[in-house]
Amino acid sequence: MKRAVEARLEEMAAGSERVLRRIGDVAAALGVSLRTLRHYEDAGLITPTQRTVGGFRLYDEDAVERLRLVVQMKPFGFSLDEMRLFLETRARLANPLLPERERQELEGRLAMFSSAAAERLAQLREQLSVAESFSEQLHTEANRLTGHPLPPRTAP
Amino acid sequence: MQIGSLVEAVGLSLRTIRHYEDVGLVLPVGRTSGGFRLYDDDAVERLRLIMKMKPLGFSLEEMRQLIEARAALAQGAPPEEEARLLALIQAFSRAAEEKVQQLRATIEAANAFAVTLEADSHSSPS
């Protein structure tokens, strides 16, 4: 309760009605650990919007959105630098006054990210196919050897 | 069969097969009169198993454990030993199923990003 009041006071002091959330809530909402969030912050991927009097990091909607994207990008094995570049590209494209030539260059960059992601996704699907085949084989063998069926595997 | 047929049967390179032979995962069953190594269907099966385990991140040692357990069970082993080997196979079966679940979750998360990119391309001001 005290912390919520603290945060609210901070908001009012900043003269803004933006919704600000604490690092713990953001981490919980995105399903990542505090340590991971702090790691992304240290790497410059996100910056807290503010800090409370007590020193707690606060994040606004933009920051949370950036974090959400970073979490989504994780399975693709992008480096921190690559993720930073992606976020920057995306942020710049959001500017409606962007000159056409620059827009095209940035969209080209996004397209490269898209295609790298698509490639990785295809690899992951291939791995899944191999994993399912391997799991099936062992399950059948173990069954055959015991004569007692193992608990059923979960269906895809 | 000689190594050429083995290469054809499993789709691995000569060099890769020789590597697995060097670490003892695949064993020739004899030699031709000319001195060339001969392999049987068991070699094919072992290599196919290795090909499934490698992309899933299993170590050479883990591959060796599973291969040797299956070989020992096929030859017949005393009941105690058999129970131990069976437990090993069941453990690998569970590990494999875990990897399946992990991969499914990762792919689902990866799909979310693809959806985001799609939404982006439709909503960017131009």
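This is a predicted model, so every value here is computed, not measured.
Interface residue B:Leu66: only side-chain heavy atoms are found under 4.5 Å from chain A.
Listed here is the closest heavy atom pair of A:Ala131 and B:Leu103: CB-CD1, 3.9 Å. Residues A:Leu138 and B:Ser93 come closest through the heavy atom pair CD1-N, 3.7 Å. The two atoms that bring B:Met51 and A:Val130 nearest to each other are O-CG1, 4.3 Å, heavy atoms only. Taking all atoms of both residues into account, the shortest heavy-atom contact from B:Leu86 to A:Ala142 is CD1-O, 4.2 Å. Here the shortest heavy-atom pairing between B:Pro55 and A:Gln127 reads O-NE2, 2.7 Å.
Residues A:Leu80 and A:Leu87 are members of one and the same hydrophobic cluster, defined by side-chain heavy-atom contacts under 4.5 angstrom among Ile, Leu, Val, Met, Phe, Trp and Tyr. The same ILVMFWY cluster, assembled from side-chain heavy atoms under 4.5 Å apart, contains both B:Tyr39 and B:Val23. Hydrophobic clustering (side-chain heavy atoms under 4.5 Å, transitive across Ile, Leu, Val, Met, Phe, Trp, Tyr) groups A:Leu85 together with A:Leu110. Hydrophobic clustering of Ile, Leu, Val, Met, Phe, Trp and Tyr side chains at less than 4.5 Å, counting indirect connections, unites A:Leu34 with A:Val32. Note: the hydrophobic cluster containing B:Leu14 also contains B:Ile50 (ILVMFWY, side chain heavy atoms under 4.5 Å, direct or indirect links).
Heavy atoms of other residues, nucleotides or ligands lying less than 6.0 angstrom from CD of A:Glu119 number 12 at most.
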Take A:Phe113 and B:Phe113 through the ring-ring contact (aromatic ring centres under 6.0 Å, His included) test and state the conclusion after the steps.
CA-CA 11 Å; A:Phe113 274 103; B:Phe113 182 59; 8.0 Å; no
Apply salt bridge (charged side-chain N to carboxylate O under 4.0 Å, His left out) to A:Glu132 and B:Lys99, showing your working.
CA-CA 9 Å; A:Glu132 282 172 338; B:Lys99 295 215 189 249; over 6 Å; no
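Contact of the A:Phe134 side chain with the B:Leu49 side chain is registered, since non-hydrogen atoms from C-beta on lie closer than 4.5 Å. In this structure the side chain of A:Phe76 never reaches within 4.5 angstrom of the side chain of B:Thr106, judged on heavy atoms.
In this structure, A:Leu124 CG and B:Glu108 CD are separated by 13.0 Å, a value rounded to the nearest 0.5 Å. The distance from the CZ atom of B:Arg48 to the CD atom of A:Gln137 is 10.0 Å, given to the nearest 0.5 Å. To the nearest 0.5 Å, atom CG of residue A:Leu128 and atom CD of residue B:Gln102 are 11.5 Å apart.
Of the candidates A:Arg90, A:Gln72, A:Arg68, A:Gln72 is the only one forming a side-chain hydrogen bond (donor to acceptor under 3.5 Å, both in side chains) with B:Thr116.
In this structure, the side chain of B:Glu97 does not engage the main chain of A:Ser135 through any donor-acceptor pair within 3.5 Å.
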